[in-house]
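Residues: numbered from 1 along the sequence shown. Model, not experiment: these values are computed from the prediction. Values below: all heavy atoms of this structure, side chains included; hydrogens, waters and symmetry mates excluded.
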Amino acid sequence: MYDKRVFLKTLKGLREVSGSTNDLPEDLRAVLKEIDGKIALGEVMVKLGLPEASFQAAIKRFVSEKYITEADKPKAAGFFAPSGSSGSEEGEDLDFTFLASSTNEKEDAEEKAHKEAEEAARKEAEAKAKKEAEEKARKAAEARKEVEERERLEAEERAREEAARAAEEAALREIEEEEEERQPAPPHTQPAQVVSDAEKLPRKPLKLGKYIAIAVVLLIVAGLALIHLMPFNGRIPQFEKSASAALQQPVKIRSLNFALFPQPHWRLQSVSIGGEAQVKIGSARAFTDFSGLFSEGAVLKSLVLDSVSLNAEGLGILLFARPEIKSASLRRLEINKAKLETALAALPEFNGSAEIGEGGQWQKITLRGEEGQIKFDLQAKGDKIGIELSADALALPREAVLKLKEIEASGEADRDGLTLSEFRGRLYDGVLKGSVRLKWKPEWMAEGVLDAKGLEVAAMLAKVFGGGKLDGKATYTLRGGNADQLFAAPRLEGNFIIHNGILHGVDLKQVIKGEIVTGTSVFNEVAGEFIHEGGVTQLPRVGLTAGLISAVGKVGVQADKKVQGQFEVELKSSLMKARANLGVSGTTEELRYTR
């Protein structure tokens, strides 16, 4: 029996369909979206192609949970079953007219509900903006604190230099005063007896020890000042030899200096590691004690690397190097402004630190993006490295074929490759999970599985679909001569299913009638299999269901996005059966349908 009641959404219902809440399953949310306070429940049921029992059960739930409320009865209704039809089966005859428009009172109620929903959304946006402002203020305070600390250290350095300069000037003044005391008095006439008595008095001894001490101090001060300016390039071969032995790679250093402040350390400029300079370091500071200036076996306390750039091969050199030094005092290494150049992903600059073991090998490395948006934790495990990754966002590869958010991953790496047993991220408002095994010898290759849940199809193919959520599984293989070529020709194979969406560009009801009419078709499900290889995507079997209408066919998408496909559309009803052929062409940006 045709239900002529008209309902409109409450504020709770508007929040549910707008996405502010997510309490209903997708199939019930799709029904709730069609209830607009203008058309009768019977027409909504026919439009969605739902059985009466399940539709009425949904309406009862909406009413009991206060998602909808009954509006005033419409002044006129315009749905008529065709003559000779019992009207016992929904959608058997595709001809119907729409109900008359709702009264102004219903429109006012719905407008009020919309305004309330907008006000709630505005308040949520204000709260989010306030939180972001507080976070921005916190980061600004940390930046100011860092600047103040740097200025304090610079002020202390200037104070030390001024104190040394003042000591030198005081010593010079004292020497000048002593010299003036030693100068003989000007000649003048004295009585003979006075001169004779003066000659008998003992002479004042010279302060040679004091002069020697002052001279030594001046020499030391001058020497310390000169140390900062003196190049020690003669010791560069010694440093290069030691570093090359530790890293098992050629190491080159352009210049070498020694500094005393803020503590004694060697400063190495323009350092390169690897036969093709796979690692470049702008400057390095090797902290030692004062004996390091004179001894080749000086104690090395810590190492700081600034402005580091490296490629994927250079990263392997640093991670898997096994130093020949059996015992060393070095326990910590710091890294500032490190940049990994790779086509695999777009990564920010890193800061980090490494803990060094007794044998000179690193034990743990922690890397952070400069704004905290990405984090790597690496743990030495014998010949392997444990990896933990988290990131706010990551683009794979640089050209951003995939733009993942809220990424988490864990796995292990060795000299031959990388294995992520599990990774997880958000993609197109859904979740993408999977695994990867990456090898780089003798060629680059990656393979694994992907599992997608709840991806927004409209965000991927806006010109083809409206609404709808995609689930799917696939296996993939990537190959390339190097990292830059890895994503050039991917191969994927799997299956997919899209729930409760809209197909743009064609009205399947009109196709059954023998016409091609542009429009839309609401579907319950689109499912199929796919193979993507060499830039070409093949869907050998695709099925669509939309109430009493179904379509089965195949589609191919070429590398230039051209589409070619053929479907058989069928209407199955106890009162009527019909079939029609439907051709698909055009591009993924603009599909064309023909009979």
Side-chain angles (χ1 to χ4, degrees), residues 1-21 23-82 87 90-121 458 465-468 500-504 507-510 517-524 546-549:
M1 185 174 180
Y2 181 73
D3 193 340
K4 297 182 179 180
R5 291 180 298 166
V6 177
F7 282 78
L8 56 81
K9 289 186 282 289
T10 64
L11 177 59
K12 181 178 180 181
L14 288 170
R15 286 176 174 166
E16 181 67 23
V17 299
S18 67
S20 297
T21 60
D23 298 328
L24 293 176
E26 290 292 337
D27 55 344
L28 291 182
R29 193 179 296 109
V31 176
L32 183 60
K33 287 180 179 180
E34 299 298 329
I35 298 175
D36 60 0
K38 297 179 181 180
I39 61 176
L41 292 180
E43 185 177 348
V44 175
M45 181 178 69
V46 172
K47 181 178 180 180
L48 297 176
L50 296 175
E52 182 175 0
S54 60
F55 180 78
Q56 290 299 335
I59 297 301
K60 288 180 180 179
R61 178 174 176 179
F62 295 159
V63 173
S64 65
E65 296 183 10
K66 295 182 174 52
Y67 286 102
I68 61 174
T69 182
E70 188 169 6
D72 296 337
K73 292 184 178 180
K75 296 179 180 179
F79 180 84
F80 301 94
E90 298 82 8
E92 293 177 351
D93 194 321
L94 300 176
D95 292 326
F96 59 85
T97 59
F98 292 97
L99 299 177
S101 301
S102 302
T103 61
N104 290 333
E105 291 79 2
K106 293 184 295 181
E107 293 177 352
D108 293 342
E110 186 173 14
E111 183 179 358
K112 179 181 178 181
H114 274 292
K115 289 182 177 179
E116 292 176 349
E118 290 174 354
E119 178 65 17
F465 294 103
N500 302 319
I502 299 173
L503 179 64
H504 291 313
D507 187 340
L508 295 178
K509 297 175 184 178
Q510 300 299 328
V517 178
T518 57
T520 60
S521 298
V522 178
F523 62 82
N524 307 108
L548 301 177
I549 298 176

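Atom-to-atom distance recorded for Glu26:CD and Leu28:CG is 10.0 Å, nearest 0.5 angstrom. Atoms CD1 and CZ, from Ile502 and Phe465 in turn, are 11.5 Å apart once rounded to the nearest 0.5 Å. Interatomic distance, CD1 of Ile68 versus NZ of Lys9, reported as 9.5 Å (0.5 Å rounding). To the nearest 0.5 angstrom, Leu50 atom CG is 11.0 Å from Gln56 atom CD. Here the straight-line distance linking atom CD of Glu34 with atom CE of Met45 works out to 14.0 Å at 0.5 Å rounding. Taking CG of Leu48 as the start and CG of Asn500 as the end, the distance is 9.0 Å to the nearest 0.5 Å.
The two residues Asn524 and Gly547 come nearest to each other via the heavy atoms OD1-N, 2.8 Å. The nearest pair of heavy atoms linking Gly13 to Leu32 is O-CD2, 3.9 Å. The nearest pair of heavy atoms linking Ser54 to Pro51 is OG-O, 3.1 Å.
For Glu65, the side-chain contact (heavy atoms from CB on, under 4.5 Å) test picks out Lys12, Leu24, Arg61, Tyr67, with sequence neighbours left out. Looking at residues two or more places apart in sequence or on another chain, you find no side-chain contact (heavy atoms from CB on, under 4.5 Å) involving Ala458.
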Apply salt bridge (charged side-chain N to carboxylate O under 4.0 Å, His left out) to Asp3 and Arg5, showing your working. CA-CA 6 Å; Asp3 193 340; Arg5 291 180 298 166; 3.0 Å; yes
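Under the 4.5 Å side-chain criterion, counting only non-hydrogen atoms from C-beta, Ile549 is not in contact with Phe523. Ile59 places a side-chain heavy atom less than 4.5 Å from the side chain of Ile35. The side-chain heavy atoms of Val44 and Phe7, taken from C-beta on, include no pair separated by under 4.5 Å.
Look at Asp36 and Lys38 and you find no salt bridge, because none of the NZ, NE, NH1 or NH2 atoms lies under 4.0 Å from a carboxylate O.
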